[in-house]
Amino acid sequence: MSGAKNVESVESVGNVESGKSVKNGKSKECWKRVESAESAESVESVKNENNENNVRSLPLQEEWFHGAVSLEHRQEGIKPWRIPYRDYDLYPPDGIGGKAEICSGIRLRLATDSGTVLLSFEPLAEDASLDCVADGRLVETLRLAAGAGEARFTGLAPGMKELEIYLPQNTGMTISGLAIDDDAVAEPLADLRPRWVTYGSSITQCVAASSPSRTWPVIAAGEMGYHLTNLGFSGNCLMEPMAGRLIRDLPADLITLCVGVNIYGAVSSSPRMFKPLLIGLLETIREKHTETPLVVISPIYGTERETEENPLGFTLPLMRREIADTVKLLQARGDRQLHYLDGLEWFGPADGQLLTDGLHPGPEGYELLGSRFGGRLAAALQGGILHQ
C-alpha cells in the first residue's frame, strides 16, 4: 500500500494524537446539488469562488474524526480507514476487497457557532453524498459529483451547536481542510456515549441509503445513544480470522454481527465449515470482550435465496439454523452475554417490497431497519438461552 506516512493512531481505541495542520488549498471549481432536509427540494448551485475571504481554516487534527479505526496522515491530508491501515497487507485482497477505506459511519464532530462549514478533500473517485447533522437533526445533504474537492454547508442556525459531518458510505476520502466563518469559533466535540461495533455486509455498509446519516446503523445509534463504528464491508463479510481480531481489539460496549449472506453469495464456505468459522469468530472476539453483550444476527429476508441452494448447498433458512445452533451451543457452555437475533424478525417477507434487487433494501428499507433495530435488539438481549 502506498501513501502511509507519519504516525498511525486508532481513534476507536482512544490512542489519539494531534494531527499535523493542513492548510486549505485554493478552491477547486465544481458544481454540486444541494438538498434541503426540510424541503426535500434540489437546486443547482456553484460554490463561491471567493470563499477564502469569508472563512478561516482550522488546524486539521485527529480529534475531529469519529467512527474510524485508524487515521492515516498523508501529504494531502488525513485519510480515515476502517482497519488499522498499517496492517493493510493483512486484509487481502486490497484491504477487505477495497472496502476498508470507504467511510461508512465515519464523521467529523465539532461544537461551533459558525453559519458555514467548508470541508476540503482530495477529488472524489465517484459521485457521493455528505450530510450535516446539527444537534441530532439532519439539516443539509450535499450531492457531489465525481471529481469534487469541497463541500460547503451554509445557512446553519446561529449560536453554538453540535455538528456532525457524515462522510460518504460508498467511497473513501482524504480530508485536506476544515474551515468556518471568519468570526466564528469551533472545537472538537468528544463523543462519550457507549461504543457500538457492528460487523456485516453491504446491508450494513448501506450504499443505497438516501445519504450517509440515513444508513440503518447511524439511525439506530442515534436512537439508542451509541458511539458507532461501522464495519460493514460490501460483499466481504466472510468471517475471516482477521475480522475477528479487528473486532476483538476495538473498544466496545456492544457488538453486533450480521453474518451469512455474503458467504451464501460468494460461495466461500460450505455447510461443513460455516459453524466452525462462526465459532472461531466468536471465540476470538471473546478473548478480550469476555462480558460485552454480543448479538449474532442471521440474514434478513432474501427472496429466492430462501429456497434456492447455492453451489455448496446453502439456503438462507439453513444458515439461520446454523447460526442459531452455534449461539445456543456457546450459551450452553456458559456465555450468558451472547445472544441471537433472527433476521426475519427484523426484516421479513412482508417487507420484501422494500428490496431493490431481491437482496438489498432501498432507502426506505434502510430507514425501516434503523427504526426497528433498537426494539429488536432489546428483545434479543432479553432472550437468554435459546431453547428448541
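FYI, side chains are in, hydrogens and waters are out, and symmetry mates aren't considered; it's all heavy atoms of this structure.
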Side chain of [X], backbone of [Y]: donor and acceptor closer than 3.5 Å?
| X | Y | value |
| --- | --- | --- |
| Arg109 | Ala190 | yes |
| Arg376 | Gly374 | no |
| Arg320 | Pro299 | yes |
| Arg74 | Gly77 | no |
| Thr112 | Val185 | yes |
| Trp64 | Pro59 | yes |
| Arg56 | Ala184 | yes |
| His66 | Leu189 | yes |
| Lys161 | Gly159 | yes |
| Gln205 | Gln169 | yes |

With a 4.5 Å limit on heavy-atom distance, are the side chains of [X] and [Y] in contact?
| X | Y | value |
| --- | --- | --- |
| Leu338 | Arg286 | yes |
| Leu355 | Tyr301 | yes |
| Asp335 | Leu282 | no |

#### Entry: More than 12 heavy atoms of other groups within 6.0 Å of Arg372 CZ
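Atom CZ in Arg372 is packed in, count exceeds 12.
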### Query
Crowded around Glu364 CD? As in, over 12 foreign heavy atoms under 6.0 Å?
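Not more than 12 within 6.0 Å, no.
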#### Entry: Salt bridge flag under 4.0 Å for residues Asp191 and Arg193
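Salt bridge: yes.
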### Message
I'd like to know if Asp249 and Lys288 make a salt bridge, using a cut-off of under 4.0 Å between side-chain N and carboxylate O.
### Response
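Looking at Lys288 together with Asp249, the answer is yes, because their closest N to O distance falls below 4.0 Å.
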### Task
From the options Phe347, Tyr366, Phe373, select the one residue that forms a ring-ring contact (aromatic ring centres under 6.0 Å, His included) with Trp216.
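In the set Phe347, Tyr366, Phe373, the residue that makes a ring-ring contact (aromatic ring centres under 6.0 Å, His included) with Trp216 is Phe373.
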### Task
Among Ile247, Val197, Thr198, find the residue that satisfies the side-chain contact (heavy atoms from CB on, under 4.5 Å) test when tested with Leu257.
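Testing each of Ile247, Val197, Thr198 against Leu257, the sole residue satisfying side-chain contact (heavy atoms from CB on, under 4.5 Å) is Ile247.
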### Message
Please evaluate residues Val259 and Cys237 with respect to the criterion side chain to side chain contact (heavy atoms under 4.5 Å, CB included), reporting the C-alpha separation (whole Å), side-chain torsions for both, the decisive distance (0.1 Å), and the verdict.
### Response
CA-CA 7 Å; Val259 297; Cys237 180; 4.2 Å; yes
#### Entry: Met173 and Leu124: CA distance, side-chain angles, deciding distance, side chain to side chain contact (heavy atoms under 4.5 Å, CB included) verdict
CA-CA 7 Å; Met173 293 185 77; Leu124 291 172; 4.0 Å; yes
### Message
Here's a test for you: under side chain to side chain donor-acceptor pair (under 3.5 Å), which of Glu101, His73, Glu72 qualifies with Lys79?
### Response
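Exactly one candidate clears the test, Glu101.
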### Check against side chain to side chain donor-acceptor pair (under 3.5 Å), Tyr340 and Ser298
CA-CA 8 Å; Tyr340 173 69; Ser298 62; 2.9 Å; yes
